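Working notes, structure below.
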Amino acid sequence: MKLLLDSTRCQGYGLCQEPAPELIDLDEWGYAQMRVADVPAEGQEIAAAAVAVCPNSALRLVK
């Protein structure tokens, strides 16, 4: 699975990084930056948690 970020929707709340620090970094202003786009099987649950917590739907998981 891939974790995709629509950076135009990100508002820099930084909530997505809390459940998935190994997948998502935050820049100096708090905007999400992908560390890993290809999510391994063992990371899919935390990736889904990051998607769920984003208030602007800037993240999504795709096959």
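Fair warning: this is a prediction, and the values are worked out from it, not measured in the lab. When a residue number appears, it is its place in the shown sequence, counting from 1.
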Show every donor-acceptor pair shorter than 3.5 Å between a side-chain atom in residues 8-23 and any protein atom, with sequence neighbours excluded, or say none if there are none.
{"residue": "Thr8", "atom": "OG1", "partner": "Asp6", "partner atom": "OD1", "Å": "2.5"}
{"residue": "Arg9", "atom": "NE", "partner": "Asn56", "partner atom": "O", "Å": "3.0"}
{"residue": "Arg9", "atom": "NH2", "partner": "Asn56", "partner atom": "O", "Å": "3.4"}

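Sorted by first and then second residue, the side chain to side chain donor-acceptor pair (under 3.5 Å) pairs with a member in residues 31-52 read Lys2-Asp38, Asp25-Arg35; sequence neighbours excluded.
Partner of Val39 under the side chain to side chain contact (heavy atoms under 4.5 Å, CB included) criterion, chosen from Val62, Ile46, Leu61: Leu61.
From Leu59, atom CG reaches atom CD1 of Ile24 across 5.0 Å, with rounding to the nearest 0.5 Å.
Criterion: ILVMFWY side-chain heavy atoms under 4.5 Å apart, direct or through other members. Under it, Leu3 and Val53 are not part of a common hydrophobic cluster.
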